[in-house]
Protein chains: 2
Amino acid sequence: MNSPHTTTIRIEPLKVACSSCNLRELCLPLGLSQPDLERLDTLVDARRSVPRGAALFRAGDPFHSLFAVRTGFFKTCVSSEDGRDQVTGFQMAGELLGLDGISTDRHSCDAVALEDSQVCVIPFSDLEGLSREFTDLQRQFHKIMSREIVRDHGVMLLLGSMRAEERLAAFLVNLTQRLQSRGFSASALVLRMTREEIGSYLGLKLETVSRTFSKFQEEGLLEVKQRHIRIADQEGLRKLVNGPNC
Amino acid sequence: MNSPHTTTIRIEPLKVACSSCNLRELCLPLGLSQPDLERLDTLVDARRSVPRGAALFRAGDPFHSLFAVRTGFFKTCVSSEDGRDQVTGFQMAGELLGLDGISTDRHSCDAVALEDSQVCVIPFSDLEGLSREFTDLQRQFHKIMSREIVRDHGVMLLLGSMRAEERLAAFLVNLTQRLQSRGFSASALVLRMTREEIGSYLGLKLETVSRTFSKFQEEGLLEVKQRHIRIADQEGLRKLVNGPNC
DNA sequence: CGGCTTATTGAATCACATCAAAACGCGTGG
DNA sequence: CCACGCGTTTTGATGTGATTCAATAAGCCG
């Protein structure tokens, strides 16, 4: 009964259940046995909608929960005292947000939705409790944290030693890989973020990002129409990432 | 009585015991109760010496253990397919090495001793086991991983948005803070790494690092004599980090 | 439509890189 | 002890990729 005056089958709000979530092969449940999975269902007690442009959390907010992206797209960014800020990552379905908060019980970055999004709320102390009982869950959680560290090291390599073209190519290759593993096309994508946000992530100015897109287009690597990208030469892009010399 | 031809009391090799380690307030044991601490002693089953220039582990090595620096100094670095590499961090006493290995059961970076060093070997499955029993240990370990993520985000901010002078100032301020919390002087330090390694960490060329040191010296911020640094104007350095405008 | 954010493109500038040479420091062996 | 060689550091001259400033264009939404 969605409208009060008609008698219809009441549609249950989709139960939040990791065991039946189509993201379970990307998210926290990865690798868990069926019984463990069902216990995990007790963990995620709520969902939360975050409209485009709104913050899921901000630096300084008290930390209680991790968040798993169910639908939508986020950016995380840190800022220095003098106002400069740096996008530290973009998160899509199945990826975890909030790991930064564990260290001081306060978040140290902002997480902002780049489109209308929905997240699963995972109370952290519950997760710790459950992972004391299930070694597989414990292991999976540790892998996720470690993966984030490894990813960050990759970004440092990018920021510390690559030129603009290599950075943008690496960004696009990474993005398409992640989209592909979620069932999207490997060759066409819609960017959820502005040139400025891409630039912030890559340590470049927005004009440089725009110019580099144009250059890639001239070279026949991409077709760029605003935020719509078609990858014309996957191999060419890959070569750029690993240095043009090899 | 240290000479071989005298009969003396045999000096036991110092027992590896977290509960009596002078680094316990910086390292994994931080915040643990006395009984927990004593259980932790069973965890660290060996020490390992790493001579200067040698690797504790290398990218691709199988991952079994974490390492806590007891004495000495390390760098970690990742490298891209085409041979460029990036120093991702410098580790000193009480800091953990090897967190990158958890994600894939293989290390993804090299850890190299910059001076003769000694580490405590922490078998990871033992740590996971113990942290299933002691919530405080579990929490502390999670905080350490999270802290590494937060630190990495700080480095991204540095690499993505700071100029050479700000980067070097931030590096020095960070280094002296960590040394100070280990009981060393806040104003004098000896760099364990080359200009090239500093440059790699900061995303700069070694010449730029050297020039920036010279500039700081001219401005009266530092006294630089090769790897010996004396900080003459702590406040001046700090101002540089947070942007010269504020 | 008109106002707004976002994106593109050009020209001038600048911070850092590159190339090159010299000086310094340190350990080794004569 | 000093001479030698080698890795490291410093410094200068020049080059360049990215930034900055500025103007225009393109999409978006009420």
Side-chain angles (χ1 to χ4, degrees), chain A residues 51-53 73 75 84 86-87 112 114-116 158-172 189-219 222-230 240 243-245, chain B residues 51-53 75 84-87 112 114-116 158-172 190-219 222-229 240 243-245:
Chain A
R52 180 184 153 158
F73 204 88
K75 68 170 177 181
R84 270 176 301 197
Q86 171 76 20
V87 172
V112 175
L114 297 182
E115 57 182 359
D116 291 349
L158 178 145
L159 290 171
S161 72
M162 292 187 178
R163 291 173 314 100
E165 293 173 36
E166 302 173 297
R167 293 185 198 191
L168 189 62
F171 169 72
L172 289 170
L189 66 156
V190 179
L191 299 174
R192 253 67 238 216
M193 68 294 279
T194 66
R195 301 287 189 261
E196 186 168 21
E197 286 161 338
I198 297 172
S200 172
Y201 181 61
L202 298 178
L204 302 169
K205 293 293 149 183
L206 69 95
E207 295 94 328
T208 306
V209 174
S210 179
R211 270 184 247 276
T212 308
F213 269 125
S214 301
K215 181 141 187 268
F216 284 175
Q217 184 161 240
E218 283 163 32
E219 290 168 349
L222 302 178
E223 281 170 36
V224 183
K225 195 181 268 179
Q226 300 282 129
R227 297 196 183 182
H228 295 260
I229 309 288
R230 211 184 61 75
L240 265 180
N245 37 345
Chain B
R52 179 186 154 156
K75 69 170 175 180
R84 272 176 297 196
D85 67 338
Q86 171 76 20
V87 172
V112 175
L114 297 182
E115 58 183 0
D116 291 348
L158 179 145
L159 291 171
S161 72
M162 292 187 178
R163 292 173 315 101
E165 293 174 35
E166 302 172 298
R167 294 184 198 191
L168 188 62
F171 169 72
L172 290 170
V190 179
L191 299 174
R192 252 69 238 216
M193 67 295 279
T194 66
R195 301 286 188 262
E196 186 169 20
E197 287 161 337
I198 297 172
S200 172
Y201 181 61
L202 299 178
L204 302 169
K205 293 292 149 182
L206 68 95
E207 295 95 327
T208 305
V209 174
S210 178
R211 270 184 246 275
T212 308
F213 268 125
S214 301
K215 180 140 188 270
F216 283 174
Q217 184 161 241
E218 283 163 32
E219 290 168 349
L222 302 177
E223 282 170 36
V224 183
K225 195 180 270 178
Q226 302 280 128
R227 298 196 182 182
H228 295 259
I229 309 288
L240 265 180
N245 36 345

Mind calculating the distance between [atom1] ([X]) and [atom2] ([N]) to the nearest angstrom?
X	N	atom1	atom2	result
B:Ile198	D:dT8	CD1	C1'	12 Å
A:Phe213	C:dT9	CZ	P	13 Å
A:Arg195	C:dA7	CZ	C1'	7 Å
A:His228	C:dT6	NE2	P	15 Å
B:Arg167	C:dA15	CZ	P	13 Å
A:Leu206	D:dC21	CG	C1'	12 Å
A:Lys205	C:dC14	NZ	P	16 Å
B:Ile229	D:dT10	CD1	P	8 Å

With a 4.0 Å cutoff (strictly under), does any side-chain N or O of [X] reach OP1 or OP2 of [N]?
X	N	result
A:Arg227	C:dT6	no
B:Ser214	D:dT11	yes
A:Arg211	C:dT8	no
B:Ser210	D:dT9	no

Within-4.5 Å side-chain heavy-atom neighbours: [X] and [Y]:
X	Y	value
A:Tyr201	A:Arg167	no
B:Leu222	B:Phe213	yes
A:Arg227	A:Leu189	no

Report task. Only one of A:Arg192, A:Lys75, A:Arg52 passes salt bridge (charged side-chain N to carboxylate O under 4.0 Å, His left out) with A:Glu115; say which it is. Result -> A:Arg192

Requested in this report: Return yes if the base of C:dC19 and the side-chain atoms of B:Glu207 contain a donor-acceptor N/O pair under 3.5 Å, otherwise no.
Outcome: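 Yes, the side chain and the base share a sub-3.5 Å donor-acceptor pair.
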
Report task. Find which nucleotide of DNA chain D each of A:Thr208 and A:Gln226 is nearest to by heavy atoms, and output the residue with the more 5' nucleotide. Result ->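 Its nearest nucleotide lies further toward 5', so the answer is A:Thr208.
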
Query raised in the report: A:Gly199 near the nucleic acid: base, sugar-phosphate alone, or nothing, with a heavy-atom cut-off under 4.0 Å?
Result: nothing

Query raised in the report: In Å, rounded to the nearest 0.5 Å, how long is the span from CG of B:Leu158 to CZ of A:Arg84?
Result: 9.0 Å

